Amino acid sequence: MEACPLEPRRLESVENGGRVREKMLIQTEPGVLMPFFAFRPSGSPPKGGWPVLIMPHGHGPGKEAPGTVSASGLDFTEELVGAGFVVLRPDARGSGERREWTQREPRSPGECSHREINQMAIGLGLSLAGMMCWDLMRLVDYISLRDDCDASRVGCGGMSGGGMQSLWLGALDQRIRCTVTSGYYYGFKGALLELPHNCACNYVPGLWESFDVGDFGALAAPRPLLVETGSRDPLNGPGGLANVLPHVETARRAYSLYGAEDRLEHRVFEGGHEWNGSGVLAFVERWLSDA
Ligand SMILES: [Zn+2]
């Protein structure tokens, strides 16, 4: 991967109902462009800037729908902007406006080209998950260029594929102050390697010989991490919660080394592969406050 000037461009700015949606474009590698939405409150930012939550999307129509609307209809982006946050929602490689196609037609809005990109990446010693993580790190770089954002108060959160991207970013980028991962935290060997129909973006050659999801959670320590799990989520694998809880304990041991057990929260709700969101705003507000 090769760094380059971000060259940010604002393509559009639309104000509606007390919030502004900007459509932005940055360059994450030479010639590789990433469009994203920046949602912010209308009006002036506080001294020092607004805190920021990066919200990668799961599988579906990309940045248009991050998958973080609860069953009761609560939209987490709207909640955050209403609470005084900036929310960044990028298109991941192979999703939304960044889909790359060979011969396949027709293309539904929710279809992605993750498999096509990942199999090319593997041949080059790369992985799509790594590319996604790189792009999100460049988005963190971009935040420091904005006068209206506080680059010292940046978190990330997402559901399903967005939970994957959030956990990887939170584990690997120390600038992320808190992380929310939903619908993704389960033992890889007891889930991904049992469920071959999962999308190709989940698979990194050789990684699971040495790592499992609890190690990703441990890498985030001692920075706050909230793990959300649906009790009946089929992606937990055939073992269900028994394929989740031991991996939370792996991460908890790392947090305990720092005396930071209170910074790891695991919320299990009655439900399937869905965003619940209960208590997530309070968690983000707590850890991204300017106190
Ligand atoms: Zn995928």
Side-chain angles (χ1 to χ4, degrees), residues 1 28-29 32-37 54-69 88-139 156-172 179-208 211-213 216 228-230 233-237 272-275:
M1 310 294 287
T28 63
E29 285 190 277
V32 177
L33 302 178
M34 179 167 74
F36 61 93
F37 287 139
I54 295 174
M55 289 180 57
H57 59 78
H59 292 91
K63 65 186 178 308
E64 302 288 338
T68 47
V69 178
L88 302 182
R89 288 188 358 202
D91 271 338
R93 294 193 199 208
S95 293
E97 296 182 73
R98 304 180 75 192
R99 293 178 292 171
E100 298 176 42
W101 301 99
T102 50
Q103 303 97 343
R104 289 200 296 150
E105 296 283 354
R107 308 161 187 177
S108 71
E111 206 173 348
C112 67
S113 61
H114 292 179
R115 184 180 64 82
E116 288 85 344
I117 295 176
N118 202 42
Q119 59 191 31
M120 296 300 113
I122 288 169
L124 295 167
L126 300 167
S127 69
L128 177 55
M131 290 172 167
M132 288 174 168
C133 200
W134 170 274
D135 286 349
L136 293 174
M137 289 173 167
R138 300 304 326 268
L139 196 56
C156 63
M159 161 68 197
S160 191
M164 177 187 85
Q165 294 181 66
S166 296
L167 184 62
W168 280 58
L169 179 65
L172 298 174
T179 301
V180 178
T181 182
S182 177
Y184 177 69
Y185 201 98
Y186 33 71
F188 295 130
K189 290 164 188 163
L192 295 176
L193 299 185
E194 297 277 346
L195 304 171
H197 56 274
N198 272 0
C199 182
C201 62
N202 289 285
Y203 299 93
V204 180
L207 187 62
W208 312 143
F211 270 78
D212 211 324
V213 72
F216 279 79
E228 188 181 87
T229 301
D233 186 345
L235 296 192
N236 292 334
H273 191 64
E274 62 198 59
W275 172 260

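The first residue in the sequence is number 1, and the count goes up from there. All heavy atoms count here, side chains included; hydrogens, waters and symmetry mates do not. Computed from a predicted model, the values in this text were never measured in an experiment. Atoms within a ligand are numbered from 1 in the order they appear, just like the ligands themselves.
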Fill in: Glu116 side chain near Glu100 side chain, heavy-atom distance below 4.5 Å
no
Gap between atom [atom2] of [Y] and atom [atom1] of [X] - 0.5 Å precision:
X: Leu126; Y: Trp134; atom1: CG; atom2: CH2; value: 11.0 Å
X: Thr68; Y: Glu228; atom1: OG1; atom2: CD; value: 10.5 Å
X: Leu207; Y: Phe216; atom1: CG; atom2: CZ; value: 5.0 Å

Worksheet item: So what does the Cys201 SG - the Zn ion (ligand 1) - His59 NE2 angle come to, to 10°?
Response: 110°
Worksheet item: Is there an N/O/S atom in Cys112 at a distance below 2.8 Å from the Zn ion (ligand 1)?
Response: no
Worksheet item: In His114, what N, O or S atom is nearest to the Zn ion (ligand 1), if we give its atom name?
Response: ND1
